[in-house]
Amino acid sequence: MQHQEFEPPDDLRDTIKCFWHNRGDFGEQPSSFEVQPDGYAEIIFYFGSLHSISYCGGNLSLPSPFMMGLLNQPAVFYTKNRLEIIGIRCFPWTVFDLLGLSSGKGGVHVFEHPITRLQSTLGELIVAGGIDEAIAGVKQYFLDARSRIDSKSMLFKAGIALRGANGTIQVSQVAAAAHTTVRTLERNFKLAAGFTVKDVSGLMRFEQVRNQLWHYPECNLAGLAHELGYTDQSHLSREFKRYSGTTPAVFARKAKKRKQAVSNDFVAFIQV
């Protein structure tokens with residue numbers, strides 16, 4: 001699967017991490033790929049065959065677009081033949097405001113929204129090979145949506161603190177940066193993101209460990225644990241297994257093999 005990322009315009013950098021495009025041909029036989037958790041929510045448009053997702057013991061058929069909220073364990077997607085995806089990687093405390101929707105829990109969300117009208121236009125551009133034009137259209141949609149959000153809110157200030165520390169920050173420090181109390185922050189953050197500040201911090205730290213193991217499978221776990229604010233290496237290992245379903249050592253061994261077949265930056269989506 002080929003993967004390409006696109007930087008957001010300056011006016012979207014506080015709400016969207018990036019836009020991205022994946023293209024792959026999986027053949028006529030049913031195939032699957034695994035998506036690892038990270039600290040983002042994704043809005044997904046797909047074109048081609050994406051049958052279903054397996055997550056938390058259940059299977060769900062997917063329309064396009066759909067939303068992937070924060071994951072707390074890997075999700076497996078089932079597909080075959082040609083598949084193309086356009087994704088919008090959002091900060092979880094902003095995605096529901098961007099769409100004007102009530103917040104929800106993590107996992108997969110099927111929703112009704114005017115954004116679904118982009119599907120046919122994006123599909124035509126995909127067929128014509130106009131990826132840049134498709135991404136430009138999606139960017140413009142979210143620039144318009146972003147203009148309706150208050151960028152001086154408590155949650156935006158909290159988000160800046162979380163991102164600046166890559167999740168390695170105490171909730172009380174996030175509250176101080178947002179000029180509010182811990183209780184008020186936690187209540188409002190959970191309403192907006194569907195998860196607590198601590199939950200999101202944990203996923204952000206896991207993502208960094210996962211990426212380090214992907215790029216540097218031989219890295220020192222004890223040093224990484226200290227750098228990212230874990231109590232010790234055992235704490236890191238427990239948290240890693242909690243989100244990935246496997247140990248850091250096993251993930252690192254698999255990363256060595258899988259990197260031979262995919263891009264160096266292709267971490268979250270791993271073919272099973």
Side-chain angles (χ1 to χ4, degrees), residues 1-9 12-13 15-27 30-55 62 64-71 74-92 95 108 118-119 122-123 125-139 141-142 166 203-204 206-217 243-244 246 251-252 254-272:
M1 188 180 286
Q2 298 174 346
H3 178 73
Q4 186 177 9
E5 294 188 359
F6 304 84
E7 292 288 328
L12 288 176
R13 290 183 185 275
T15 53
I16 293 175
K17 172 66 174 176
C18 69
F19 300 85
W20 52 270
H21 171 244
N22 282 353
R23 178 192 291 120
D25 193 334
F26 294 85
S31 185
S32 63
F33 58 89
E34 180 182 272
V35 175
Q36 289 278 328
D38 58 24
Y40 303 102
E42 310 266 7
I43 301 167
I44 304 292
F45 291 87
Y46 72 86
F47 311 89
S49 179
L50 189 60
H51 298 305
S52 62
I53 179 177
S54 175
Y55 180 69
L62 298 170
S64 181
F66 65 93
M67 185 197 302
M68 286 181 60
L70 291 171
L71 302 178
V76 178
F77 289 82
Y78 299 94
T79 185
K80 66 177 182 178
N81 298 322
R82 192 166 183 82
L83 174 66
E84 294 198 46
I85 300 173
I86 289 177
I88 303 94
R89 184 167 298 149
C90 303
F91 300 116
V95 64
V108 179
L118 292 178
Q119 178 73 19
L122 294 178
L125 290 170
I126 289 286
V127 170
I131 301 305
D132 290 340
E133 292 86 349
I135 294 296
V138 175
K139 285 181 179 179
Y141 182 93
F142 283 97
N166 286 321
L203 281 164
M204 292 173 76
F206 162 77
E207 180 188 355
Q208 292 174 81
V209 177
R210 182 202 69 187
N211 292 355
Q212 283 291 315
L213 290 174
W214 179 267
H215 295 301
Y216 312 104
Y243 291 122
S244 71
T246 190
F251 183 88
K254 291 181 178 179
K256 288 182 182 179
K257 297 178 181 178
R258 287 168 170 168
K259 280 184 66 178
Q260 297 173 3
V262 298
S263 160
N264 192 51
D265 296 324
F266 196 58
V267 181
F269 290 77
I270 301 174
Q271 191 163 355
V272 176

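Each residue takes its place number in the sequence, starting with 1. Every value quoted in this text rests on a predicted model; they were computed, and no experiment measured them.
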Tell me which donor-acceptor pairs under 3.5 Å the side chains of residues 79-87 have, and how far apart each pair is, sequence neighbours excluded?
residue, atom, partner, partner atom, Å
T79, OG1, S49, O, 2.1
E84, OE1, H21, NE2, 2.7

Of the non-hydrogen atoms in [X] and [Y], which two are nearest, and what is the gap between them?
| X | Y | value |
| --- | --- | --- |
| P74 | S244 | CG-O, 3.2 Å |
| W214 | A255 | CE3-CB, 3.9 Å |
| I44 | S64 | O-OG, 4.2 Å |
| V95 | A41 | CG1-CB, 3.8 Å |
| Q119 | P65 | OE1-N, 4.0 Å |
| P92 | G39 | CD-O, 3.2 Å |

Applying ring pair (Phe, Tyr, Trp, His ring centres under 6.0 Å), name anything that partners Y243, two or more places apart in sequence or on another chain. F206
P9: partners by side chain to side chain contact (heavy atoms under 4.5 Å, CB included), with sequence neighbours left out: L12, F19, K139, L143
Looking at residues at least two apart in the chain, or sitting in another chain, which of them share a side chain to side chain contact (heavy atoms under 4.5 Å, CB included) with E207?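 Partners of E207 by the side chain to side chain contact (heavy atoms under 4.5 Å, CB included) criterion, ordered by chain and then number, come out as D38, Y40, R210, N211.
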Holding to side-chain hydrogen bond (donor to acceptor under 3.5 Å, both in side chains), I want the full list of residues that pass it with Q4, two or more places apart in sequence or in another chain.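 If we apply the side-chain hydrogen bond (donor to acceptor under 3.5 Å, both in side chains) test to Q4, skipping adjacent residues, there are no hits.
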Test of understanding: with side-chain hydrogen bond (donor to acceptor under 3.5 Å, both in side chains), list the residues that count as partners of E133, not counting sequence neighbours. none
Rounded distance (nearest 0.5 Å) linking atom CD1 of I16 with atom CZ of F142: 5.5 Å
Quick check for you: to the nearest 0.5 Å, what is the distance between L125 atom CG and I135 atom CD1?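 Between L125 CG and I135 CD1, I get 10.0 Å after rounding to 0.5 Å.
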What is the ring orientation for F77 with F33, classed by angle as parallel under 30°, tilted 30 to 60°, or perpendicular over 60°?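 Rings of F77 and F33: parallel, under 30°.
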Student check: side-chain heavy atoms of I126 and I131 closer than 4.5 Å: yes
Considering only heavy atoms from C-beta outward, does the side chain of S54 approach that of Y78 to under 4.5 Å? yes
Donor-acceptor under 3.5 Å (Y46 side chain, L62 main chain):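 Checking the backbone N and O of L62 against the side chain of Y46, a donor-acceptor pair under 3.5 Å is found.
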Looking at E42, E5, H3, which one forms a side-chain hydrogen bond (donor to acceptor under 3.5 Å, both in side chains) with W20? E42
